[in-house]
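Counting convention: from 1, in listed order, for ligands and their atoms alike. Every heavy atom of this structure was used, including side-chain atoms; hydrogens, water molecules and symmetry mates were not. Position 1 is the first residue of the sequence; numbering continues from there. Just so we're clear, the structure is a prediction, and the values are computed from it rather than from any experiment.
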Amino acid sequence: MTKILTLTAPTNMKLLADEIKNVGKDGGVLVIREGSRLFDKGHWAKFLSEECGLNLDTRQYNLSEKIEHAQWWEISYQPDKQTVYAHSNTRHPLHNDNSWFSDPAEINFFVMEKQASAGGEQSIYPLERLILDLGEDDPALLRDLQSVEVTIQKGDGEYFHKTPIIRMRPEPNIFWNYYRTIKSDPGIKRLCDAFFAYLEKRETSSSVEFIQCRSGDCLCFHDQKVLHGRTAFTASQPFERMLFQSMWKL
Ligand SMILES: [Fe+2]
């Protein structure tokens, strides 16, 4: 099963590189407590590239939904921009970050620059566990998620992804963003609504784990082998919670 491993600022860099590479292989989740004490963001990028053999994917959509290129992207509480999850303090439902790319980056690497005083945990639902749960609870929904093609798209359509939401070959991967899946077909709308409702229900079960990253911690996970989200958090001033994110291809 997907491993959720916590390391506290290890001094063995070979071990650290191996554990990050394992996230790419087994779809695990790695919490690196006090990772910011080891490296600053620039050094983390160098380590991920040179020691872990990952390739930076700079593509991200800005607030105008245009592709911009950067090494690190800021996810920060900014009340004047809180209509988007990246800048709100609301709960963010389970999703993947790169589902709209047909050639998505696999590895998501977060540096928690500043955690809120309360809340802001990452919710994590490993795909392996989700498939088992769906197989028991709702095999018909699982079958549709594996067979019905949907189109996931953001921005002007330069990039889009036509895929089943759960794709089993060549290996199990999930591509899920409720809001960015085109739902003009009533059958696809029903499928998306049913899956969204299922995930909302599962989030209160033991299948979904919650990881509290503290200021200075890092989090690394496989974007297509776990769904992730965030709980609501307390913030009254801009930038009371701030994390930086980078995306990497295997
Ligand atoms: Fe995300």
Side-chain angles (χ1 to χ4, degrees), residues 2 4 23-24 27-32 35 41 44 48 54 56-63 65 67-68 70-78 81-116 119-127 129-130 152-155 159 161 163 165-166 173-181 192 195-196 199-200 202-203 208-213 217-233 235 241-249:
T2 305
I4 299 183
V23 169
V29 177
L30 178 63
V31 185
I32 308 163
K41 290 198 297 296
W44 266 115
L48 293 167
L54 301 175
L56 182 68
D57 185 346
T58 57
R59 296 171 298 175
Q60 284 281 353
Y61 284 99
N62 64 18
L63 285 181
E65 301 198 0
I67 288 279
E68 272 187 27
Q71 189 171 65
W72 293 98
W73 286 85
E74 184 184 305
I75 315 288
S76 56
Y77 176 60
Q78 296 184 50
K81 297 178 184 162
Q82 64 175 327
T83 51
V84 294
Y85 285 119
H87 301 301
S88 72
N89 64 345
T90 52
R91 184 177 77 93
H92 193 172
L94 291 159
H95 64 282
N96 306 110
D97 280 340
N98 290 315
S99 51
W100 41 72
F101 293 127
S102 57
D103 58 341
E106 291 92 349
I107 304 296
N108 223 324
F109 195 92
F110 291 177
V111 176
M112 180 62 73
E113 185 95 353
K114 190 166 186 252
Q115 179 58 286
E121 291 102 353
Q122 305 297 152
S123 49
I124 296 282
Y125 198 167
L127 176 58
R129 200 176 293 161
L130 169 62
I152 311 162
Q153 183 180 318
K154 189 170 178 175
Y159 294 102
H161 193 189
T163 177
I165 292 168
I166 296 177
N173 279 319
I174 183 161
F175 307 97
W176 175 241
N177 185 305
Y178 174 79
Y179 302 102
R180 299 296 175 173
T181 304
C192 290
F195 189 39
F196 188 89
L199 291 173
E200 292 289 285
R202 294 306 302 178
E203 205 169 313
V208 176
E209 301 194 32
F210 292 87
I211 297 173
Q212 172 70 298
C213 285
D217 291 349
C218 299
L219 179 68
C220 178
F221 58 91
H222 194 304
D223 189 51
Q224 289 92 55
K225 295 198 187 296
V226 297
L227 292 174
H228 71 278
R230 176 192 75 205
T231 64
F233 59 88
R241 183 179 189 271
M242 186 161 29
L243 77 78
F244 290 90
Q245 173 177 31
S246 63
M247 308 284 197
W248 299 82
K249 285 193 175 181

- Indicate yes or no for a side-chain donor-acceptor contact from Asp57 to the backbone of Lys249 under 3.5 Å, with no hydrogens or angles considered. no
- Donor-acceptor pair, His95 side chain versus His228 backbone, under 3.5 Å? yes
- Is the distance from the Fe ion (ligand 1) to some N, O or S atom of His92 under 2.8 Å? no
- Query: In His95, the N, O or S atom nearest to the Fe ion (ligand 1) is which?
  - Reply: NE2
- Asp97 atom (N/O/S) at minimal separation from the Fe ion (ligand 1): OD1
- Does the cation-pi check pass for Arg241 over Tyr77, that is, NZ or CZ under 6.0 Å from the six-membered ring centre and within 45° of its axis? no
- Atom of Arg59, atom of Phe101 and distance for their closest heavy-atom approach: NH1-CD2, 3.5 Å
